[in-house]
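Below, chains carry the letters A, B, ... as their sequence lines are ordered, and counting in each starts from 1.
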Protein chains: 2
Amino acid sequence: MSAGWFRRRFLPGDPLPAPRPPGPRASPVPYRRPRFLRGSGSSPGPADASRRPDARPVRSPARGRSLPWNAGYAEIINAEKSEFNEDQAACGKLCIRQSEFGAEDDQEWLTLCPQEFLTGHYWALFDGHGGPAAAILAANTLHSCLRRQLEAVVEGLVATQPPMHLSGRCVCPSDPQFVEEKGIRTEDLVIGALESAFQECDEVIGRELEASGQVGGCTALVAVSLQGKLYVANAGDSRAILVRRDEVRVLSSEFTPETERQRIQQLAFVYPELLAGEFTRLEFPRRLKGDDLGQKVLFRDHHMSGWSYKRVEKADLKYPLIHGQGRQARLLGTLAVSRGLGDHQLRVLDTNIQLKPFLLSVPQVTVLDVDQLELQEEDVVVMATDGLWDVLSNEQVAWLVRSFLPGNREDPHRFSELAKMLIHSTQRKDGPTGEGQVSYDDISVFVIPLHGQDRGSSGH
Amino acid sequence: MSAGWFRRRFLPGDPLPAPRPPGPRASPVPYRRPRFLRGSGSSPGPADASRRPDARPVRSPARGRSLPWNAGYAEIINAEKSEFNEDQAACGKLCIRQSEFGAEDDQEWLTLCPQEFLTGHYWALFDGHGGPAAAILAANTLHSCLRRQLEAVVEGLVATQPPMHLSGRCVCPSDPQFVEEKGIRTEDLVIGALESAFQECDEVIGRELEASGQVGGCTALVAVSLQGKLYVANAGDSRAILVRRDEVRVLSSEFTPETERQRIQQLAFVYPELLAGEFTRLEFPRRLKGDDLGQKVLFRDHHMSGWSYKRVEKADLKYPLIHGQGRQARLLGTLAVSRGLGDHQLRVLDTNIQLKPFLLSVPQVTVLDVDQLELQEEDVVVMATDGLWDVLSNEQVAWLVRSFLPGNREDPHRFSELAKMLIHSTQRKDGPTGEGQVSYDDISVFVIPLHGQDRGSSGH
């Protein structure tokens with residue numbers, strides 16, 4: 001990692017840091033030179049994922065691709081439970097072309113040279129279900145969607161305050177004041193671009209899967225560092241946390257049928273036809289049966305945070321829209337997540353009831369103002385798919401991070417080793433946390449050091 | 001206030017504290033003996049509200065009622081800006097009848113004696129708009145709705161864990177385990193009862209206003225102390241905060257067109273006919289005009305937290321569904337709040353466009369576990385309508401509380417005096433905070449001491 005890449009704003013005219021060749025112990029994360037840098041319309045592929053030493057051969061289409069060089073500053077390791085590797089990942093430098101302020105879409109871009117790029121970094125984890133197809137497509141596509149969305153608003157990104165009009169033309173003299181009063185900041189444009197990129201990528205996946213006769217969906221957890229801020233966008237049940245010496249901060253929320261109960265029930269209330277008379281939208285502590293008829297049982301509906309009692313009618317005996325607790329909770333008896341990409345064709349088994357209307361592709365975006373943090377050398381962001389968090393709590397991961405890093409300061413690959421160690425600690429009953437839990441799910445982990453690598457590798 | 005009324009659970013068999021006669025400097029908050037205590041079906045009226053010394057005569061129907069005695073432990077003072085007093089309040093003891101476990105609705109209640117009651121306390125503020133009618137009805141009605149809702153689940157309230165079946169019958173041997181796994185606690189029943197009570201009260205207000213040819217709506221902020229917990233239910237833009245020696249904790253969120261933008265835009269997305277072709281659901285920094293046509297301007301839609309740009313079409317020139325910033329933000333150009341009671345007949349001026357579909361009567365409920373706080377003598381909850389918070393920040397109110405109470409420990413009416421002082425400090429440019437802001441809105445304030453009055457009045 002180039003020193004301070006993450007902690008200062010890009011100023012037009014700054015040279016881009018020179019690419020770093022892979023070291024003798026190259027990070028297992030391949031860096032893929034983004035082809036869009038050269039103006040190509042084609043999408044780069046997903047980052048290949050290293051496998052656990054004991055892993056079976058992976059039939060992921062991403063495996064074994066030839067990738068040009070390795071940036072070495074982000075780590076991912078997959079464990080696999082399934083025939084196909086449903087976890088996929090992507091990372092790389094994000095280069096956003098800057099057009100002249102006010103230039104129209106069809107105008108020529110300025111000559112491409114580093115000064116014309118706004119640069120950032122991008123890390124993404126996709127946890128597939130129903131096959132790896134959606135996760136692979138997402139790893140191939142999402143960063144291109146994001147680049148496109150960011151380029152569409154780049155004049156706003158490099159301005160002190162986003163202008164009311166992208167053309168820079170001022171229709172009303174107090175336009176800047178209106179923008180100021182709404183509190184619209186540059187970071188809102190990045191959040192908007194992430195939201196739009198997820199939606200665009202979802203549409204691409206829908207078209208591609210339909211065209212190729214494939215199925216499936218995936219969760220998406222993305223971190224983007226841009227202009228001194230880290231944006232974490234999440235749609236699904238992966239998680240990112242910030243670990244510092246004296247702080248653990250959760251940077252994402254999980255979206256599952258349980259956490260989005262009210263939104264999902266509300267939709268079924270508005271469009272009861274989505275349940276085709278087969279499901280009840282009400283929540284009960286367990287599925288009701290004949291003996292419950294006529295009794296008053298605990299329930300809650302879309303507008304309720306609390307619980308109440310209702311007298312059981314025949315319609316309440318139907319299968320619940322959301323059923324099961326915790327990791328077992330399922331939407332329409334089928335899906336364990338409520339946001340993500342893909343699943344356009346997904347239907348409840350043996351019915352024509354679609355899942356997609358209940359799923360959101362839009363992520364929740366959290367912004368970490370890295371410039372405002374007094375960064376310590378071992379401050380990291382840990383991003384991982386649900387397999388890790390099923391077994392390790394945030395505090396346990398933080399404990400492992402803090403135990404591992406100080407003793408390995410001389411190792412230039414300590415962040416990769418930490419990522420491996422985190423995964424391995426979920427595979428042994430005598431793991432370092434002593435909890436004795438073992439994960440049988442795919443697990444992918446990024447460890448992103450926030451501090452400049454210059455200092456990080458100097459042995460402090 | 002009886003000592004510790006608030007800090008212990010009611011146990012069947014505990015004697016109720018004896019009513020306290022009003023002292024020589026009776027609190028301006030009249031306590032109204034709840035008539036439902038005696039099994040009457042009639043609703044008690046709203047608490048009368050003291051007026052500022054300089055206030056004009058108030059034409060509130062609540063004024064000047066004869067009320068039996070004064071409990072003296074909660075305070076409310078109104079300032080008025082309008083001909084009618086649109087702020088209304090209610091407070092009193094909440095007595096919930098306990099039936100035999102498993103008794104059916106039509107069975108006889110047990111002989112009424114104190115042991116058969118679960119007792120709590122109730123404070124409520126209603127900030128009316130479009131006339132005082134809805135606020136008065138709410139002050140007359142909501143506590144009865146709440147009592148009814150709590151009595152409907154009282155067997156669950158007095159159990160260690162709410163039973164799956166209200167009858168106590170166990171259909172499935174692992175029912176308690178299902179309830180346990182869902183994490184359903186007694187407090188969830190109180191939250192559910194508050195949610196249902198607000199909805200029931202809203203229906204009553206709708207019927208009563210229609211029958212009497214009146215109009216109007218109101219916000220509702222309610223605090224209920226029950227079984228060692230304080231429940232704060234809010235629908236509107238009033239606010240409750242906890243002030244302790246070294247802590248200020250916000251106990252409610254405000255619900256305005258701005259804070260509920262996404263919910264409101266989402267509804268207009270699902271039911272575009274609600275806008276009758278007169279409004280645009282999109283948000284822009286200002287209302288667009290002809291000159292903006294064809295340009296790309298900042299906007300956001302229902303699914304967006306961030307902002308993006310869109311090319312302006314003719315439909316975007318319509319009046320925005322939510323327009324204005326901060327205190328000026330209005331729903332459909334009409335209403336400054338997005339939750340509350342009433343407004344069943346409210347329409348956009350000179351149109352047939354209804355506001356009610358966009359309004360929620362369901363409150364958000366926060367639970368304060370008072371039993372878990374190490375209460376200090378001067379820990380209080382301050383509840384107030386928006387007029388106070390427009391002028392004073394939470395920290396300023398906390399500063400005023402901490403400045404006032406220690407110097408007035410001998411005054412048994414210091415909490416009433418504090419409520420008055422808080423209101424008066426919004427009426428003077430040279431107010432104690434030195435901020436120089438003056439409020440011209442109605443203001444109502446409750447100051448609720450959390451510590452037992454025995455200790456509070458003993459001069460510690």
Side-chain angles (χ1 to χ4, degrees), chain A residues 149 152-153 155-156 162-167 169 171-172 174-175 177-185 187-196 199 266-267 270-271 283-286 288-289 291-292 295-300 303-309 311-312 325-326 360-362 364-365, chain B residues 149 152-153 155-156 162-167 169 171-172 174-175 177-185 187-196 199 266-267 270-271 283-286 288-289 291-292 295-300 303-309 311-312 325-326 360-362 364-365:
Chain A
Q149 294 291 342
V153 300
E155 295 98 315
M164 170 85 184
H165 298 84
L166 203 56
S167 62
R169 189 183 150 203
V171 168
C172 169
S174 43
D175 275 349
Q177 197 183 325
F178 284 111
V179 174
E180 175 77 30
E181 281 175 7
K182 282 271 181 195
I184 307 171
R185 300 147 303 170
E187 68 184 61
D188 293 311
L189 297 185
V190 183
I191 296 170
L194 279 160
E195 291 170 332
S196 301
Q199 290 195 292
Q266 168 75 16
L267 194 70
V270 172
Y271 296 114
E283 184 186 13
F284 303 99
R286 61 161 165 77
L288 302 183
K289 40 191 180 180
D291 286 355
D292 295 304
Q295 296 215 43
K296 285 186 176 172
V297 303
L298 283 167
F299 87 107
R300 55 181 176 176
H303 60 278
M304 299 166 70
S305 292
W307 287 79
S308 194
Y309 289 90
R311 201 174 291 281
V312 178
Q325 265 91 256
L360 282 187
S361 60
V362 67
Q364 190 187 60
V365 184
Chain B
Q149 294 291 342
V153 299
E155 296 98 315
M164 170 84 185
H165 297 84
L166 202 57
S167 62
R169 189 184 150 200
V171 168
C172 168
S174 43
D175 276 349
Q177 196 184 324
F178 283 111
V179 174
E180 176 78 30
E181 281 175 5
K182 282 270 181 196
I184 307 170
R185 302 147 304 172
E187 68 184 63
D188 293 310
L189 297 185
V190 182
I191 295 169
L194 279 159
E195 291 170 332
S196 301
Q199 290 194 291
Q266 168 75 15
L267 195 69
V270 172
Y271 296 114
E283 184 185 14
F284 304 99
R286 62 162 165 77
L288 301 184
K289 41 191 180 180
D291 286 355
D292 296 305
Q295 295 214 43
K296 284 187 176 172
V297 303
L298 283 167
F299 89 106
R300 55 181 175 176
H303 60 279
M304 300 166 70
S305 292
W307 287 80
S308 193
Y309 288 91
R311 202 174 289 283
V312 178
Q325 265 91 255
L360 282 188
S361 60
V362 66
Q364 190 187 58
V365 184

> Side chain, backbone, both or neither: which part of Glu283(A) has a heavy atom under 4.5 Å from chain B?
Replying inline: side chain

>> Need one label for Gln266(A): side chain, backbone, both or neither, based on atoms under 4.5 Å from any heavy atom in chain B.
In response: neither

> Looking at Ala152(A), Gly183(A), Cys172(A), Ser196(A), which makes the most heavy-atom pairs under 4.5 Å with chain B?
Replying inline: Cys172(A)

> Do any N or O atoms from the side chain of Glu195(A) and from the backbone of Gly306(B) form a donor-acceptor pair under 3.5 angstrom?
Replying inline: yes

>> Please identify, among Leu360(A), Val179(A), Ile191(A), Val171(A), the residue contributing the most non-hydrogen atom pairs under 4.5 Å to chain B.
In response: Val171(A)

>> Can you tell me which portion of Leu267(B) sits under 4.5 Å from chain A's heavy atoms? Options are side chain, backbone, both or neither.
In response: neither

> Any idea which heavy atoms bring Arg169(A) and Asp291(B) closest together, and the distance?
Replying inline: NH1-O, 3.9 Å

>> So which residue, Ser305(B), Ser308(B), Gly326(B), ends up with the most heavy-atom pairs under 4.5 Å with chain A?
In response: Ser305(B)

> When heavy-atom pairs shorter than 4.5 Å are enumerated against chain B, which of Gln199(A), Arg185(A), Gln364(A), Lys289(A) gives the highest number?
Replying inline: Gln199(A)

> Considering only heavy atoms, which portion of Glu181(B) lies under 4.5 Å from any heavy atom of chain A: side chain, backbone, both, or neither?
Replying inline: both

>> In the structure I gave you, are the side-chain heavy atoms of Arg286(B) and Met164(A) within less than 4.5 Å of one another anywhere?
In response: yes

> Looking at Ala193(B), Pro162(B), Ser174(B), which has the largest count of heavy-atom pairs under 4.5 Å with chain A?
Replying inline: Pro162(B)

>> Within the 4.5 Å heavy-atom criterion, are Lys182(B) and Trp307(A) side-chain neighbours or not?
In response: yes

> In terms of heavy-atom proximity below 4.5 Å to chain B, should Gln295(A) be classed as side chain, backbone, both, or neither?
Replying inline: side chain

> For Val365(A), is it the side chain, the backbone, both, or neither that has a heavy atom closer than 4.5 Å to a heavy atom of chain B?
Replying inline: neither

> Can you find a heavy atom in the side chain of Asp292(B) that is under 4.5 Å from one in the side chain of His165(A)?
Replying inline: yes

> Between Pro285(B) and Ile184(A), is any pair of side-chain heavy atoms under 4.5 Å apart?
Replying inline: yes

> Just wondering, do Leu189(A) and Leu298(B) contact through their side chains at under 4.5 Å, heavy atoms?
Replying inline: yes

> With only heavy atoms counted, which part of Phe299(A) is less than 4.5 Å from chain B, the side chain, the backbone, both or neither?
Replying inline: neither

> Where do Gly156(B) and Tyr309(A) come nearest, in terms of heavy atoms and distance?
Replying inline: CA-OH, 4.2 Å

> What part of Gln149(B) is in contact with chain A, defined as an atom under 4.5 angstrom from a non-hydrogen atom: side chain, backbone, both or neither?
Replying inline: neither

